[in-house]
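Structure record follows, encoded as structure tokens.
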Amino acid sequence: MASDGFTTCLWFDGQAEEAAHFYVSIFKNSSVGKIARYPEGAPQPAGSVMTVEFTANGHKFLGLNGGPEFKFNEAVSFMIFCENQEEIDYYWTKLTENGGEPGPCGWLKDRYGVSWQVVPDRLDEMITDPDPAKAARVTQAFMAMSKFDIAALDKAYAGE
């Protein structure tokens, strides 16, 4: 079994290099690595980007320009755990700009159709609280939200 973790392959329709630079611009501990190009006789134009390796927030990715056959959907999403509202606002704004779409309960799609969940890092603690009334109030509050509002979640948790 691989000893250095996993690499997530993301299938794009010609935007792999653009997407890699987009993600690297948003997250710390990120960089673009090797780029492979299609040779003559390949299913995509010779010289166009076939794959691009990149790291975003320390996670390894491979962007593959495979064509229009497959699209991203919400069955897979990347979770970003945020310490405060400033971080939530930052990631929400960056990932929804220029064609991204906000969704319910902290979910969004970026301009490439990749799904993300931008959540407070303490949400799990709140919704698994041993006091079922606290957990229910927080769950009810976040189910009505698009982008998470930490102050509103804290109020719901406190019963205010």
Side-chain angles (χ1 to χ4, degrees), residues 2 4-33 35 49 51-66 70-160:
D4 62 348
F6 295 100
T7 298
T8 301
C9 181
L10 299 174
W11 180 295
F12 293 93
D13 184 16
Q15 313 94 344
E17 185 176 15
E18 176 186 312
H21 287 285
F22 173 67
Y23 299 131
V24 165
S25 76
I26 294 173
F27 297 99
K28 295 177 183 174
N29 193 20
S30 301
S31 62
V32 174
I35 297 174
V49 172
T51 62
V52 57
E53 296 175 2
F54 65 101
T55 301
N57 200 30
H59 183 90
K60 295 183 295 183
F61 290 90
L62 179 77
L64 167 67
N65 281 327
F70 300 109
K71 304 286 185 216
F72 297 112
N73 66 51
E74 294 83 355
V76 174
S77 62
F78 295 97
M79 296 182 78
I80 305 169
F81 293 97
C82 300
E83 190 175 319
N84 53 47
Q85 191 66 46
E86 182 180 355
E87 284 186 357
I88 287 176
D89 294 346
Y90 169 80
Y91 289 115
W92 192 269
T93 299
K94 291 293 187 182
L95 290 167
T96 58
E97 70 186 5
N98 298 322
E101 301 174 10
C105 305
W107 289 61
L108 62 87
K109 283 187 179 181
D110 67 28
R111 67 180 85 166
Y112 304 103
V114 175
S115 292
W116 298 85
Q117 296 179 57
V118 182
V119 299
D121 59 6
R122 64 185 182 270
L123 181 65
D124 187 57
E125 180 182 314
M126 296 168 114
I127 63 174
T128 60
D129 191 284
D131 181 341
K134 286 182 175 181
R137 288 192 306 265
V138 171
T139 301
Q140 185 175 21
F142 85 69
M143 294 294 280
M145 295 178 182
S146 182
K147 178 176 72 171
F148 279 120
D149 177 340
I150 293 177
L153 293 173
D154 287 340
K155 285 182 181 180
Y157 188 68
E160 298 174 9

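Computed from a predicted model, the values in this text were never measured in an experiment.
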Is it true that D110 and K94 have a side-chain N and a carboxylate O under 4.0 angstrom from each other?
no
Is any side-chain heavy atom of [Y] closer than 4.5 Å to one of [X]?
{"X": "V138", "Y": "D129", "result": "no"}
{"X": "V118", "Y": "F148", "result": "no"}
{"X": "Y23", "Y": "F61", "result": "no"}

Would you find a donor on one side and an acceptor on the other, under 3.5 Å apart, between the side chain of S30 and the backbone of K28?
yes
Over all heavy atoms of both residues, which pair between [X] and [Y] is shortest? Give the atoms and the distance, please.
{"X": "E87", "Y": "F81", "result": "OE1-O, 4.2 Å"}
{"X": "N65", "Y": "V49", "result": "ND2-O, 2.9 Å"}
{"X": "I35", "Y": "V52", "result": "CG1-CG2, 3.6 Å"}
{"X": "Y90", "Y": "I26", "result": "OH-O, 2.8 Å"}
{"X": "R122", "Y": "E83", "result": "NH1-O, 4.0 Å"}
{"X": "K60", "Y": "F6", "result": "CE-O, 3.9 Å"}

If the plane angle is over 60° it's perpendicular, under 30° parallel, otherwise tilted; pick one for F70 and W11.
perpendicular
Step through it carefully: locate the ring centre of F78, locate the ring centre of F27, and say whether they are under 6.0 Å apart.
no
Working note: F72 + F12, criterion ring pair (Phe, Tyr, Trp, His ring centres under 6.0 Å); need CA distance, chi angles, decisive distance, verdict.
CA-CA 9 Å; F72 297 112; F12 293 93; 5.4 Å; yes
Could you walk me through whether E74 and S115 satisfy the side-chain hydrogen bond (donor to acceptor under 3.5 Å, both in side chains) test, starting with their C-alpha distance in whole Å, then the side-chain angles of each, then the deciding distance to 0.1 Å, before giving a yes or no?
CA-CA 6 Å; E74 294 83 355; S115 292; 4.6 Å; no
